[in-house]
Amino acid sequence: MSTYKNFTVETDADGIALVTWDMPEKSMNVFTMEVMDEIDAIVDATVADAAVKGVVFTSGKSSFSGGADLTMIKSLFSMLAEEQARDPEAAMKKLFDAAGRMSWLWRKVETNGKPWVSAINGTCMGGAFELSLACHGRVAANSKSVKIALPEVKVGIFPGAGGTQRVPRLANAQDALQMMTTGSSLTAQRAKAMGLVHQVVEPAELVNAAKQMIKDGLKPVAPWDEKGFKVPGGGVWTPAAAQLFPAAPAILRRESAGNYPGALAILKCVYEGLQLPIDTALKVEQRYFTEILRTTEAFSMIRSLFVSMQELGKGARRPTGQPKTEFKKVGVVGAGFMGASIAYVTAAAGIPVVLIDRDQEAADKGKAVSEKLVADSVGKGRLTKDEGEKLLSLITPTPDYATLADATLVVEAVFEDRTVKKAVIEQVEAVISDATIFASNTSTLPITGLAENSKRPEKFIGVHFFSPVEKMMLTEVILGEKSGDRALAMALDYVAAIKKTPIVVNDTRGFFVNRCVFRYIHEAYDMLIEGVPPAMIENAAKMAGMPVGPLSLNDEVAIDLSQKILKATVADLGPQAVDERHLALINKLVDELDRRGRKNGKGFYEYPAKPAKKYLWPELKTLYPQKKAADVDVTTLKQRFLATIALEAARTMEEGIVTDPREADVGSILGFGFAPYTGGTLSYIDGMGVKAFVALCEKLAADYGEHFAPTPLLKDMAAKGETFYGRFDPYAKGREAA
Ligand code: NAD
């Protein structure tokens, strides 16, 4: 009888042990130390039991497994930091052993002497797929819920439990590199075509098919442990490999500008490992894995993109003592560009929505956006026809405010105009119940000011979406001065229900994300004015790790919107609040040249008819005397972009707008793609050290203007040797409570 906490083991009359992984109190199976200990024990027990002829390993949940629980690696980092101070050599040894723990356990499975078959019933990621690769057989269910991937590179590491060795011993090297350096998912069919799984069968047949492989005499020996094994395609000394391997680092550099050491390590592991017997190759992989775990990139990416994102998603900032909200109905007022998509994501979460606009026609037009999105998803097989119809049936377009009477939450997305919003707030409040929370999606109007139009400002809050709403994972929740705990709790419950990640921001002009984004764009204006060639501006930004160049981004958000914001800033704060050269540049583009961005086909770029691609507007170079490219230092351009954004994030912390460094980091990556390898804006500063950042800012301030001057907070932190995660420790409260 098995006594495992996370597994059941049932041996059938044929002597096949069915190991079912089903972790209690978890929605998904993940690897923890305990899980690995139990797998270790299962291997020993099945080897020792003469009645067991083979093992089928599967999951009792709808997915197979999401891979390792990376909080495990995060605690390894903390252990290491402490140990390193005491005994650096012992610390390294511990890290090396920990880095190889999973890999050698999978090797133990592979060489245990009895056949193991992995029965992949759903999502199978990272370490879970690496375990499957170490099994002698792999069967996957023919279901769209089966997604197979080695996504480690996305959090700064790489598949270090044998992935880099077994994938290119099964698939051709090019496919293997592609899969691991991008971290992209494979369908069951694609995995089979690549040679990574043996069979794809109907879901109901999965376990039987896996057992049948054993009954059919599956050999408990991996192909690479057989004498005479040959790597698919012939290994690294073939003409094909001579084409692939020298080009691979160049392609990687083009895609990621050398910012991701984990991705480069994959190339090294594959190239070196394929020339070695498997055990030595796994050791090589373990060495590179240890090295990568020690990089700032791995530390910061795991912290922000895994641990913090999960914590924020689970409501780290949710006030305690507030009951969880059940959304019976959400009202969306304003069925325009944003409102229509907000209605879609709400209905996609299974919540009934009333979508209100000024007349029925405008409301219907809003619903038509969902109809198009649903038709696209059905066309691509992401939704069934029934699912699509159900989603659409949840959206009721109407001009009738009375339908809001029983709404749990109302999201306002009408014109960005104080008078229009005031009227809508009053109209909505006339019908809603006392318990309903009112959320505004304004992007520029402070919530505190808007809440002055409300009779119940404690139930008034900002929920700021980003466009395209159905794709962007972040939502800013904005607290007005009087927003209460109930409003905050409900806003966070709503963001969680629609499966986005929230950050909680105190009220300020531009909130968090747009404040940072405009710093990015304004730095590009400065560069243009200095005469830096426009293509260099865009390329330097991408080399710094930004997904979209600042000029391209400005075209997307619209240049006349920038003009509107600059003018509003002057009106509210006076002319010194903006750079007059920026205003002159934008006025010229919008008022004289009618270059408003992508929306009118003319901006910093030209937009020829498809399929031709957009290109930088050639005349842009004539606006300012141009510098020679050779006289411009790309490294400095890159630093300017990252530093100006990071400085703005630091200012938001100093002003108490953002209070938790996790939110500045996650918000900057999900909100505008801030160089993910840094772990986000504040991790970028912590990663290089506040002292070094202050020195960099002082240098940039001397050369490029006072906006780079380090703030008092940064100087203080530099003097005291502090970090953002130390000074604004997000876990301090929890520790006090404990
Ligand atoms: P939009 O002009 O596309 O849509 C506004 C909609 O509100 C229109 O359909 C209009 O008919 C409707 N409307 C106006 N007055 C109304 C009233 N009294 N009652 C009911 N409906 C009314 O604008 P948008 O881009 O969707 O922006 C809406 C809000 O979202 C603004 O506050 C904007 O700042 C904010 N926002 C926009 C973006 C963006 O990228 N466009 C991003 C985040 C937030």
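Order of appearance sets the numbers: ligands from 1, and atoms from 1 within every ligand.
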Side chains of Asn441 and Glu412: do they bring a donor and an acceptor to under 3.5 Å? no
Does ligand 1 have any atom sitting under 4.0 Å from a heavy atom of Ala423? no
Under 4.0 Å, heavy-atom basis, I'd like to know which part of Ser467 is in contact with ligand 1: side chain, backbone, both or neither. side chain
Tell me which protein heavy atom sits closest to atom 7 (O) of ligand 1, plus the residue, atom name and distance to 0.1 Å. Val414 CA, 3.4 Å
Within 45 degrees of the axis of the six-membered ring of Tyr605 and under 6.0 Å from its centre: does Lys614 put its NZ or CZ there? yes
Decide yes or no for Phe693 and Leu714: does some side-chain heavy atom of the first lie under 4.5 Å from some side-chain heavy atom of the second? yes
Compute the shortest N/O to N/O distance between Lys421 and ligand 1 and return yes if it is under 3.5 Å, no if not. yes
Close N or O approach (Glu412, ligand 1; < 3.5 Å): no
Compute the shortest N/O to N/O distance between Met338 and ligand 1 and return yes if it is under 3.5 Å, no if not. yes
Atom 4 (O) of ligand 1 - nearest protein heavy atom and its distance: Gly336 CA, 3.3 Å
Considering only protein heavy atoms, which is closest to atom 35 (C) of ligand 1, and at what distance to one decimal place? Asn441 O, 3.2 Å
Charged N-O contact under 4.0 Å between Lys459 and Asp434: yes
Does NZ or CZ of Arg640 come closer than 6.0 Å to the centre of the six-membered ring of Tyr520, within 45° of the ring's axis? no
Do me a favour and list the nearest non-hydrogen protein atom to atom 15 (N) of ligand 1 with residue, atom name and distance? Val420 CG1, 3.5 Å
To check your reading of the model: name the closest protein heavy atom to atom 32 (O) of ligand 1, its residue, and the distance in Å. Glu416 OE1, 2.5 Å
For Thr442, counting its heavy atoms only, list the atoms of ligand 1 lying under 4.0 Å from any of them. 32 (O)
Identify which one of Glu655, Glu654, Arg651 satisfies the side chain to side chain donor-acceptor pair (under 3.5 Å) criterion when paired with Thr711. Glu654
Suppose we measure from atom 16 (C) of ligand 1 to each protein heavy atom; which comes out shortest, and what is that distance? Arg358 CG, 3.5 Å
Side chains of Tyr684 and Asp665 only: does a donor on one sit below 3.5 Å from an acceptor on the other? no
Atom 18 (N) of ligand 1 [closest protein heavy-atom partner, distance rounded to 0.1 Å]: Val424 CG2, 3.4 Å
Do Glu326 and Thr408 make a side-chain contact, defined as non-hydrogen atoms from C-beta onward lying under 4.5 Å apart? no
Mind checking whether Tyr401 has a heavy atom under 4.0 Å from ligand 1? yes
Between Val590 and Asp594, is a side chain to side chain contact (heavy atoms under 4.5 Å, CB included) present by the stated rule, with each step listed? CA-CA 5 Å; Val590 175; Asp594 192 33; 6.0 Å; no
Going by heavy-atom distance to atom 14 (C) of ligand 1, choose the closest among Phe415, Phe337, Phe465. Phe415
Does one side chain, of Thr442 or Glu416, offer a donor that lies under 3.5 Å from an acceptor on the other? yes
Identity and separation of the nearest protein heavy atom to atom 21 (N) of ligand 1: Asp357 OD1, 3.4 Å
Examine His464 against ligand 1 and note whether any of their N/O atoms are separated by less than 3.5 Å. no
Are Glu429 and Ser454 close enough that a side-chain donor and a side-chain acceptor fall under 3.5 Å? yes
